[in-house]
Amino acid sequence: MAKIIDGKAISKQVREEIAAEVVQYKEKYGTAPGLAVIIVGSDPASQVYVRNKKRACEEVGFYSVGYELPESTTQEELISLVEKLNNDDKIHGILVQLPLPKHLDETEVLLKIRPEKDVDAFHPYNVGKIMIGNHDLLPCTPAGVMVLLEKSGIDVSGKKCVVIGRSNIVGKPMAMLLLHANGTVTICHSRTKNLAEICREADILVASIGKPEFVRGDMVKEGAVVVDVGINRLENGKLVGDVCFAEVEPKAAYITPVPGGVGPMTITMLLKNTLTAASIARGE
């Protein structure tokens, strides 16, 4: 039976640490770290995320502003808002909720966010810094996974790590962070041959492909650490990850559940990035 890695409990602990640091920050500077969140259009999932982010900011004592823009917003209007926030000293982090409506150029918008305010760490400058291991800001989900491993007493050093998925948001940065922690890393994807065989070699297996219950029991070796980044809603409304929990949990040493595993850590690491950005803006 695997030990369940409780993302809710670890997230709560990290948020308490952040809240304590925010109190010190306010005492020192007389102002709070500030986060601006921009959402364009009415995607229901995005609106839920934005509400959760706002609540999280209030919880740790941040200053936060939300901009809900209509679907018809032009590229020029969106970039103009980003530029305004770039020049606002009260705002230390800018987050543009993805996906954007089809007529908007995501890449151009993200490039306009100043790297030091890019709390999603999507800007090529920050991606490059992650690559060389000299980073200030980290993509929230991979950073959250690393904190879950660390707080659970799991040492990555020397372990065989397999990441399924090669997205810019999770897969690639996840592999880099495991590599920086001295893991031996293999990245798998839809074209990988002998995928199950490669997964069975993993001491630490991270699934991030967006396919419900893709990782089955016969793809995991006894005693592996299994991290499920996926979140998929089945037709019956049930939320499941990319890992078939019922089959994998009896074999794994540690496993993250869905929901309540990696998910809570993503917004927590966004808060952490905003606090880091605020400290850097103050020359710390």
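The shown structure was predicted, so the numbers you read here are calculated from the model rather than taken from an experiment.
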**Asked** Are more than 12 heavy atoms from other residues, nucleotides or ligands located less than 6.0 Å from atom NZ of Lys112?
**Response**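 Not more than 12 within 6.0 Å, no.
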
- Got more than 12 heavy atoms from elsewhere within 6.0 Å of CG, Asn87?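 Atom CG in Asn87 is packed in, count exceeds 12.
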
State plainly whether one hydrophobic cluster holds both [X] and [Y], where clusters connect Ile, Leu, Val, Met, Phe, Trp and Tyr through side-chain heavy atoms under 4.5 angstrom apart.
{"X": "Leu177", "Y": "Val262", "value": "yes"}
{"X": "Val248", "Y": "Val229", "value": "no"}
{"X": "Met265", "Y": "Phe122", "value": "yes"}
{"X": "Val127", "Y": "Ile113", "value": "no"}
{"X": "Ile231", "Y": "Phe245", "value": "no"}

Inter-residue atom distance [X].[atom1] - [Y].[atom2], 0.5 Å rounding:
{"X": "Ile198", "Y": "Cys188", "atom1": "CD1", "atom2": "SG", "result": "4.5 Å"}
{"X": "Leu148", "Y": "Asp6", "atom1": "CG", "atom2": "CG", "result": "9.5 Å"}
{"X": "Ile204", "Y": "Lys160", "atom1": "CD1", "atom2": "NZ", "result": "13.0 Å"}
{"X": "Ile209", "Y": "Asp242", "atom1": "CD1", "atom2": "CG", "result": "5.0 Å"}
{"X": "Met269", "Y": "Leu271", "atom1": "CE", "atom2": "CG", "result": "9.5 Å"}
{"X": "Asn126", "Y": "Glu116", "atom1": "CG", "atom2": "CD", "result": "9.0 Å"}

Do side-chain atoms of [X] reach the backbone of [Y] as a donor and acceptor pair under 3.5 angstrom?
{"X": "Asn86", "Y": "Arg114", "value": "yes"}
{"X": "Thr256", "Y": "Asp228", "value": "yes"}
{"X": "Asn182", "Y": "Ser157", "value": "no"}
{"X": "His123", "Y": "Pro115", "value": "no"}
{"X": "Asp43", "Y": "Pro99", "value": "no"}

Nearest non-hydrogen partners of [X] and [Y], listed with the distance:
{"X": "Met146", "Y": "Ala181", "answer": "CE-CB, 3.8 Å"}
{"X": "Ala253", "Y": "Gly223", "answer": "CB-O, 3.4 Å"}
{"X": "Glu71", "Y": "Pro101", "answer": "OE2-CB, 3.6 Å"}
{"X": "Ala202", "Y": "Ala224", "answer": "O-CB, 3.6 Å"}
{"X": "Thr268", "Y": "Arg15", "answer": "OG1-NE, 2.8 Å"}
{"X": "Arg166", "Y": "Ile187", "answer": "CB-CG2, 4.1 Å"}

Inset, instruction - Take Ile91 and Leu35 through the test side chain to side chain contact (heavy atoms under 4.5 Å, CB included) and record every step on the way to the result. - result: CA-CA 6 Å; Ile91 298 298; Leu35 175 67; over 6 Å; no

Minimum side-chain heavy-atom gap [X]-[Y] below 4.5 Å:
{"X": "Val145", "Y": "Val170", "result": "no"}
{"X": "Ile39", "Y": "Tyr49", "result": "no"}
{"X": "Val225", "Y": "Asp203", "result": "no"}
{"X": "Thr73", "Y": "Pro70", "result": "yes"}
{"X": "Met219", "Y": "Phe214", "result": "yes"}
{"X": "Val37", "Y": "Ile94", "result": "no"}
{"X": "Leu85", "Y": "Lys117", "result": "no"}
{"X": "Lys26", "Y": "Thr31", "result": "no"}

**Asked** Would you say the side-chain atoms of Arg200 and Asn194 include a donor-acceptor pair closer than 3.5 Å?
**Response**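 No, Asn194 and Arg200 have no side-chain donor paired with an acceptor closer than 3.5 Å.
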
message = Students often mix this up, so state it plainly: with edges at 30° and 60°, are the rings of His180 and His135 parallel, tilted or perpendicular?
response =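 His180 vs His135 ring planes: tilted.
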
[X]/[Y] ion pair, N-O < 4.0 Å:
{"X": "Glu16", "Y": "Lys12", "value": "yes"}
{"X": "Glu222", "Y": "Lys251", "value": "no"}
{"X": "Glu17", "Y": "Lys151", "value": "yes"}
{"X": "Glu201", "Y": "Lys221", "value": "no"}

Run Thr74 and Leu78 through side chain to side chain contact (heavy atoms under 4.5 Å, CB included) and show every step you take. CA-CA 6 Å; Thr74 66; Leu78 182 53; over 6 Å; no

> Under the criterion side-chain hydrogen bond (donor to acceptor under 3.5 Å, both in side chains), which of Glu68, Gln47, Lys53 is the partner of Gln97?
Replying inline: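 So the option named by the test is Lys53.
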
- Check side-chain hydrogen bond (donor to acceptor under 3.5 Å, both in side chains) between Tyr29 and all other residues, then give those that pass, not counting sequence neighbours.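 Per chain and number, Tyr29 pairs via side-chain hydrogen bond (donor to acceptor under 3.5 Å, both in side chains) with Glu284.
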
Exercise. Please walk me through it: do Asn232 and Leu239 pass side chain to side chain contact (heavy atoms under 4.5 Å, CB included)?
Worked result: CA-CA 6 Å; Asn232 312 282; Leu239 280 179; over 6 Å; no

What do the steps show when you test Thr276 against Leu137 for side chain to side chain contact (heavy atoms under 4.5 Å, CB included), and what is the final call?
CA-CA 7 Å; Thr276 300; Leu137 304 170; 4.2 Å; yes

